[in-house]
2 protein chains.
Amino acid sequence: MTAAADVLHRQGVERTTIADIAEAADVPVGNVYYYFKTKDELVQAALATHSEHFAALTAELDELPDPLERLKAMVGTWIDQRDVAARYGCPTGTLAAELDKRADGGIDLEAGEVIKLALNWAERQFRELGRPEPEPADLALTLISGYQGMSLMANALRDPEIMTREGSRLNRWLDALAADRPPAPGRSV
Amino acid sequence: MTAAADVLHRQGVERTTIADIAEAADVPVGNVYYYFKTKDELVQAALATHSEHFAALTAELDELPDPLERLKAMVGTWIDQRDVAARYGCPTGTLAAELDKRADGGIDLEAGEVIKLALNWAERQFRELGRPEPEPADLALTLISGYQGMSLMANALRDPEIMTREGSRLNRWLDALAADRPPAPGRSV
DNA sequence: GTCTATAATGGGATAGAC
DNA sequence: GTCTATCCCATTATAGAC
């Protein structure tokens, strides 16, 4: 599954052969088919890997006491990943874009579910920040959309510095938002 | 070329066969090969079509006297395209993402050139707005990155309303910038 | 220039020995 | 459960008639 997630991220779904994944996992081709009946199942496995990765990351960030610090730490991980983003884009985002080109109603929306995990996590942080306005859901959309945008731009232009520039802007934006928040007693849940 | 650009946008490069393009253009397969020696040449033709499209759009917007109005009109065209963006993403952005998965140093960076056209146009508008700070190039990156982000999110979640929500935010951000208020994307005005 | 038929290749999926 | 050999189909690209 790790090998599948990795190779599918680097080469994309359509340009990845089962042989590629088998080679990366150092097993023969027939062996892959013993565990995954179709190529689509390998894609789903990669998606599940991304979900778990994200869950592990947020579990770690949730240890931080302040939602602002959590959000900025998330932005920090994005900036840290700038080189891989500039070369291959966001693993989930590029996968979603590729799957959405399919006509069949198969797994093409499952990548969206992983992105929703990120949206929901971010929304919780904004809600804890205690800003009723704009809506936490809108702020979450702006943040995750910002990440997807900067990843795609960095990838298209092959320039990791784009992640740094846009990441800093997001951090300044978060700071400005938090500076506006009501005093602690009036903080909503 | 129009048929190629259209089908490649909807199906993606890898899932599109020459037969698909031939059928869309209503010509036999062999005929396509008479004008385009390889599939890659069809992809390049699609990219050229996108460039021309963008050039025609900006030529029209450049008629507007005020750079702020030009920028907001551009955001307006993005919002107008919300349904197609939600289904197939930004034509150039999704193409760039797909081409960047290639290992060969072929046409994989040419989509980036088309995106640079958008960045340069936006940068000119911000420079004309007369704001020295932040850098017009950074503002352009934020704007185009915002468009790519909202397109990908709308596509991944199959929700055109995301284009409306994020598009409105970009418009408020532009207004705030022009009014020389501190830049605060996400802030409702 | 237009079209049909077909060659050549690559890769998803399977059979079956071990 | 592991691995090799192979089937079969889709697709790129070309040959050659008209």
Side-chain angles (χ1 to χ4, degrees), chain A residues 1-50 88 91 94-111, chain B residues 1-50 88 91 94-111:
Chain A
M1 281 174 68
T2 312
D6 185 47
V7 178
L8 288 172
H9 176 211
R10 291 202 318 262
Q11 305 193 347
V13 176
E14 303 296 337
R15 292 186 77 88
T16 296
T17 69
I18 313 288
D20 289 337
I21 295 173
E23 191 183 8
D26 205 41
V27 294
V29 194
N31 212 334
V32 173
Y33 276 103
Y34 181 77
Y35 293 99
F36 305 92
K37 275 190 278 296
T38 64
K39 187 177 178 179
D40 275 5
E41 283 190 17
L42 278 162
V43 175
Q44 286 175 309
L47 237 19
T49 299
H50 294 321
Y88 304 111
T94 55
L95 192 48
E98 205 176 352
L99 294 179
D100 278 324
K101 296 298 184 186
R102 298 184 169 198
D104 58 71
I107 58 180
D108 51 339
L109 289 177
E110 291 186 25
Chain B
M1 281 176 67
T2 312
D6 185 46
V7 178
L8 287 172
H9 177 211
R10 291 201 318 263
Q11 305 193 345
V13 177
E14 303 296 336
R15 292 186 77 89
T16 295
T17 69
I18 312 289
D20 290 336
I21 294 173
E23 191 183 8
D26 206 41
V27 294
V29 193
N31 212 335
V32 173
Y33 276 102
Y34 181 76
Y35 293 99
F36 305 92
K37 275 191 280 294
T38 64
K39 187 176 178 179
D40 275 5
E41 283 189 17
L42 279 162
V43 176
Q44 286 175 309
L47 236 19
T49 300
H50 294 321
Y88 303 112
T94 55
L95 192 48
E98 205 176 354
L99 295 181
D100 277 325
K101 296 298 185 188
R102 298 183 169 197
D104 56 71
I107 58 180
D108 50 340
L109 289 177
E110 291 187 25

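Residue numbering restarts at 1 for every chain, and letters A, B, ... go by the order of the sequence lines.
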Is Tyr34(A) close enough to dT2(D) that one of its side-chain N or O atoms is under 4.0 Å from OP1 or OP2 there?
no
Send over the distance from Glu14(B) CD to dG11(C) P, rounded to a whole Å.
11 Å
Mind calculating the distance between OH (Tyr35(B)) and P (dA13(D)) to the nearest angstrom?
19 Å
Where do Thr94(A) and Glu98(A) land on the side-chain contact (heavy atoms from CB on, under 4.5 Å) test, with the steps shown first?
CA-CA 6 Å; Thr94(A) 55; Glu98(A) 205 176 352; over 6 Å; no
OP1 or OP2 of dT14(D) under 4.0 Å from side-chain N/O of Tyr33(B)
no
If we only count heavy atoms from C-beta on, is the Leu42(A) to Ile18(A) side-chain gap below 4.5 Å?
yes
Using heavy atoms to find the nearest nucleotide of DNA chain C for Gly30(B) and Lys37(A) separately, return the residue whose nucleotide is more 5′.
Gly30(B)
Is a side-chain N or O of Lys101(B) found less than 3.5 angstrom from the main chain of Thr16(A), in a donor-acceptor match?
no
Mind calculating the distance between NZ (Lys39(B)) and C1' (dG10(C)) to the nearest angstrom?
13 Å
Counting any heavy atom closer than 4.0 Å, what does Phe36(A) reach on the DNA or RNA strands: base, sugar-phosphate only, or nothing?
nothing
When rounded to whole Å, the CD1 to C1' distance for the pair Ile18(A) and dT6(D) reads 16 Å
May I have the distance from Arg15(B) (atom CZ) to dG11(C) (atom P), rounded to whole angstrom?
15 Å
Apply salt bridge (charged side-chain N to carboxylate O under 4.0 Å, His left out) to the pair Arg102(A) and Asp40(A), showing each step before the final yes or no.
CA-CA 12 Å; Arg102(A) 298 184 169 198; Asp40(A) 275 5; 3.3 Å; yes
Looking only at dT4(C), dA13(C), dG12(C), the nucleotide nearest the Thr17(A) side chain is dG12(C)
Provide, to the nearest angstrom, the distance between the CG atom belonging to Asn31(A) and the P atom belonging to dG16(C).
19 Å
